[in-house]
Amino acid sequence: MNKYLGLALIIGLSLILRVYTSSYLFPQLFQESFLFAELLGIPVNIPLWFIYFFGVLNILLLYITSRNFFSNTQALLLSFLYCVSPWVIYTEASGSLYVFFLTLILVIFYGYLNLSKNKVLGLSLILVGSLVLVYSSILMWFVVLPILLFLLLNHIIPQFAAGINGSYKNFPKDTQSDLLRNSSIFQFRKFKIILVAFFLLLLPLLALVFFNKAGFLNIKNQEITLFSDIGLINAVNTFRGETLQTKYDLIARIAENRYIYLAKHTLFNFLKHLSPAFYFTSEVKMFERSFSPPIFLGFLIPFILGLSFWGRIIKLYKWKILSLLFLVLPSVLSKDSPNMVRLLLLSPLIFLTIVFGFQRIYEYPKKVSKLLIFIIITLVILQGLVTVADIAIREATRLHL
Amino acid sequence: MIKEKVLIILLVLTLLGGFLRLYEISKNPISLNVDEASIGYNAYSILKTGKDEYGVSYPIVFKSLGDFKPPFYIYLTAISISVFDLNEFAVRFPSALLGTLSIPLIYFLILSLTRNQKYALMGASLLAVSAWHIYFSRVASEAIVATFLTSLGILGMLKMKEGKMLWGVIAAFTLATSMYTYHSQRLFVPLIVLIFLSLNFKELKTHKTKILIFLVLLIIFVIPLVNSVLFGSSAARAQMTLITNDVELLRTVWVEPNSDNLRSFSFLSPIFGSEVFLLIFYWARKFLAYFQPSFLFYQGLGMTAGNTYGLGVLYLFEVPFFLLGIYKILTLERKVLLFIIGWILAGIIPASITLNEQHPIRAMSILPMLVLISAVGGVELFSLIHQKLTRIYRYLICLGLLGLVVWNLIFAFVIFAVHFPNQKGEGLMEGTKESILYALNNLEKFDQIVYDPVRGVDGPYLVNAPHAYILFYSKYDPQKYQDEIKREGDGSFGFGKFTVRSIYWPADQSLENSLFIGSPWSLPLQDLKEGEIIHRVYLSNGKLALLLVSPKKSLR
């Protein structure tokens with residue numbers, strides 16, 4: 001009973017915070033639409049309640065999926081972090097579709113977790129989640145397709161799966177092929193049906209793209225803006241112009257050219273996402289709002305401590321973990337990187353790291369553990385109250401509302 | 001004892017680093033900045049008269065341009081000027097020399113901390129070619145000298161821990177001297193000493209007397225500074241650069257609440273709406289900004305304009321080194337790990353409590369530890385490649401890495417040689433020397449020379465201090481300068497034939513036998529007759545920076 005009460009309280013708190021934020025701070029900012037609707041030319045108005053609904057679903061999914069690995073308290077903590085982080089509150093209150101995309105990612109992940117227990121349910125969830133994502137946004141193709149490809153390689157090709165597990169090598173050579181064919185994870189035959197269904201259901205979208213190429217390109221240019229920064233190309237030209245008249249022109253051609261700059265630009269766009277300042281301070285102003293950090297500064301302590309867990313996990317689940325890096329791609333492909341709205345897809349991993357950190361803190365001697373918890377809670381509450389008070393008395397003046 | 005092979009490698013690295021720091025040091029950076037000119041002249045004044053430009057005998061704070069410079073670098077420069085005369089080389093030489101000597105120093109420092117010779121050699125290699133360190137070694141940089149002294153002091157403390165008392169004395173002296181060299185050390189040194197003593201408390205208990213002597217010496221050396229820091233002109237300097245003067249803080253954070261436009265929960269404001277809390281979280285943001293990849297890897301040095309990709313404080317090829325290094329240092333002995341973390345955090349504090357976003361000079365104290373982390377990561381990466389990969393992949397990866405290193409160093413060279421002078425020359429007051437040398441060579445032709453301090457190609461946004469350059473390049477007699485009554489008032493300042501003030505051409509054009517030096521903003525080209533422009537000064541990027549004009553009534 002207690003765990004459901006905790007969850008209910010978190011959901012209730014979540015709705016209160018979001019409704020307060022949207023009604024007192026600013027109107028719905030995003031008027032996004034789905035890819036298939038835009039290709040068909042159908043106007044779609046996504047109401048705020050739709051986003052709130054999927055926000056609540058995210059809380060539930062986070063709780064349910066994390067219960068596979070964590071205790072009830074830790075799972076509730078993960079949901080609580082999602083609930084109270086200004087990052088998520090602002091994104092939901094502004095009506096961004098990325099809340100919905102996150103729900104679908106979590107559905108896929110939940111499906112993946114259920115593959116060994118209930119193959120049909122697991123595969124269906126993965127299929128539905130992937131299809132809806134692909135139909136919703138071009139950027140999601142960069143997220144979904146690599147993850148699906150990984151699942152395909154990991155589970156469809158038994159040799160690949162057995163290779164990762166390495167278990168078949170322990171058996172005599174003449175039995176190895178039988179083991180591979182009768183892999184307990186699942187059989188190729190059943191997955192083949194799902195795969196065919198996936199491609200068949202994708203056909204309408206592909207047809208839409210084919211018949212509305214101009215519209216598709218337009219949408220693509222709006223969503224993928226990584227290289228649309230005129231300033232970047234101008235900078236390259238300026239640099240080249242400066243070296244042309246000098247004796248260093250030849251070596252400058254090696255060190256500086258358009259391709260190197262574009263490669264650097266992509267790399268730097270990715271590296272930006274490794275900065276703690278973006279997640280725990282107001283370094284990047286969300287929706288041009290001033291002092292709400294995406295995540296309260298107090299949580300930086302458990303975040304740093306929690307990073308060590310990833311080091312251990314990567315050793316065990318290298319490729320699975322690395323496939324999660326694709327969640328960063330939508331933000332990397334944005335001109336305004338790091339794009340905190342698109343990065344919402346990564347938020348569960350950040351919150352997960354914080355939960356790991358709290359676990360680490362509990363492993364310390366009691367006095368140290370209590371002191372750290374006290375500091376964290378004090379900082380979080382203090383910053384929360386300061387943020388609310390600052391918004392109440394200064395935000396309207398800052399934003400000329 | 002250090003082995004012969006290691007000694008040779010260290011020597012080669014030091015020579016390489018020395019070459020990179022000293023080659024054409026007078027020509028690149030393209031101009032003395034205004035601080036260098038002021039340092040040079042004050043050092044010259046000390047050498048000739050024992051007083052600074054204001055006539056204060058052997059000061060421990062130099063008023064200089066009103067920024068109250070710490071003294072040590074100026075006294076070092078006085079020694080340099082006594083050997084090389086007053087010129088760009090002499091002003092920059094102390095920084096370049098101690099920057100070069102930092103290379104063997106960091107070897108011994110990393111060796112002392114990690115007991116790993118490979119890490120130490122890799123650290124020395126990385127420092128030898130470090131763009132951050134080379135850039136500031138090539139200017140008169142108090143921070144480079146201070147970082148050298150602090151690193152030497154910390155090495156001394158590490159040796160002192162082993163019972164070597166002489167090192168304790170050296171540590172006390174060098175740490176104290178570093179506090180006379182650069183403002184940041186006045187906060188950093190006490191913090192790092194505290195961290196060191198706390199972490200090594202148990203071992204140091206067996207050397208109580210030595211620690212006591214170290215602390216007493218340190219305090220004695222620092223006493224003359226205390227009054228200045230707390231109550232004197234250094235305090236004024238600190239006030240000028242404190243975070244509370246930050247423009248963004250004042251304009252966007254500490255916005256005056258409008259009582260007609262309050263939202264819900266405004267009742268929290270008496271306590272939680274306080275500016276103090278906002279300042280704390282603003283400071284936290286500035287603190288964490290020093291860990292941004294942009295500062296570390298692609299824009300930290302500010303050698304190129306605006307949002308272009310230039311050089312960070314670390315090279316791009318150090319990205320894998322740095323990331324792996326962070327992972328690896330977590331496995332070092334706990335005390336060493338905590339000391340490294342403490343050094344970095346303490347080093348950022350002085351930089352973060354000042355205005356300006358991410359200042360590479362003010363954060364110089366953390367350079368040795370960033371180099372250490374990169375070095376550890378670099379060694380471990382090569383070790384992993386050697387252990388985990390087959391021969392062919394080993395060669396391919398190493399070739400790829402080598403290519404990346406070579407490309408990155410070429411890119412850094414092109415930035416230093418071409419883009420930095422072109423894009424930042426104006427900020428370094430390029431053209432001032434040329435204009436002043438012209439004026440000095442033609443001094444007898446004019447009754448007065450008026451120099452407008454405001455300049456800028458895109459707008460009159462830059463404010464120079466031309467008097468510092470005039471004094472420097474003319475080697476103006478310091479005693480005469482101290483004694484003569486400088487003309488002040490009406491916003492002008494003058495000595496000898498020189499006057500520094502705004503030019504107002506409608507009135508000034510009637511002053512014959514005068515030379516006016518100013519930007520096209522104060523000497524509009526459309527208002528000048530061709531015969532009146534006697535010299536034009538251009539920047540490296542070809543843009544017109546300054547005009548030298550002598551009005552001729554006959555042309556009007």
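Of the two parts of Leu409(B), neither the backbone nor the side chain holds a non-hydrogen atom closer than 4.5 Å to a non-hydrogen atom of chain A. Residue His273(A): no heavy atom, backbone or side chain, is found under 4.5 Å from chain B. Contact of Thr243(A) with chain B is made through backbone and side chain together, with heavy-atom distances under 4.5 Å. Of the atoms belonging to Ile280(B), not a single heavy atom falls under 4.5 Å from chain A. Contacts between Thr304(B) and chain A at a heavy-atom distance below 4.5 Å involve the side chain alone, from C-beta outward.
Counting heavy-atom pairs under 4.5 Å between each of Val253(B), Leu323(B), Val414(B), Ile271(B) and chain A puts Val253(B) at the top. When the candidates Phe277(B), Phe281(B), Phe291(B) are compared by the number of heavy-atom contacts under 4.5 Å with chain A, Phe281(B) comes out ahead. When Leu382(A), Leu379(A), Leu267(A), Val388(A) are compared by the number of non-hydrogen pairs under 4.5 Å with chain B, Leu382(A) comes out ahead. Of the listed residues (Phe413(B), Tyr282(B), Trp254(B), Tyr290(B)), the one with the most heavy-atom contacts under 4.5 Å to chain A is Phe413(B). Taking chain A as the reference chain and counting heavy-atom pairs below 4.5 Å, the highest number among Gln292(B), Gln423(B), His419(B) is found for His419(B).
Both the sub-6.0 Å distance and the 45° axial angle are satisfied by Lys264(A) relative to the ring of Phe411(B).
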Would Thr238(A) and Asn422(B) satisfy side chain to side chain contact (heavy atoms under 4.5 Å, CB included), going step by step from the backbone distance to the final call? CA-CA 10 Å; Thr238(A) 305; Asn422(B) 271 300; over 6 Å; no
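More than 12 heavy atoms of other residues, nucleotides or ligands sit less than 6.0 Å from atom OH of Tyr364(A). Residue Lys27(B) qualifies as open at atom NZ: its count of foreign heavy atoms under 6.0 Å is 12 or below.
The two residues Tyr248(A) and Ala417(B) come nearest to each other via the heavy atoms CE1-CB, 3.8 Å. Here the closest non-hydrogen pair linking Ala277(A) and Ala289(B) is CB-N, 4.3 Å. Nearest heavy-atom pair across Pro293(B) and Ser275(A) is CD-CB, 3.4 Å.
Although no hydrogens or angles enter the test, the distance criterion places no donor-acceptor pair under 3.5 Å between the side chain of Arg285(B) and the main chain of Pro293(A).
The CD atom of Gln299(B) sits 8.5 Å away from the CZ atom of Phe268(A) when rounded to the nearest 0.5 Å. Note that CG of Leu297(A) is 10.5 Å distant from CZ of Phe287(B), once rounded to the nearest 0.5 Å. Atom CD in Glu242(A) sits 7.5 Å away from atom CG in Asn541(B) (nearest 0.5 Å). Once rounded to the nearest 0.5 Å, the distance linking CG of Asp390(A) with CG of Leu278(B) reads 5.0 Å. Taken from CG in Leu274(A) to CZ in Phe297(B), the straight-line distance is 9.0 Å, to the nearest 0.5 Å. The structure places CD1 of Ile251(A) at 13.5 Å from CH2 of Trp407(B), a figure rounded to the nearest 0.5 Å.
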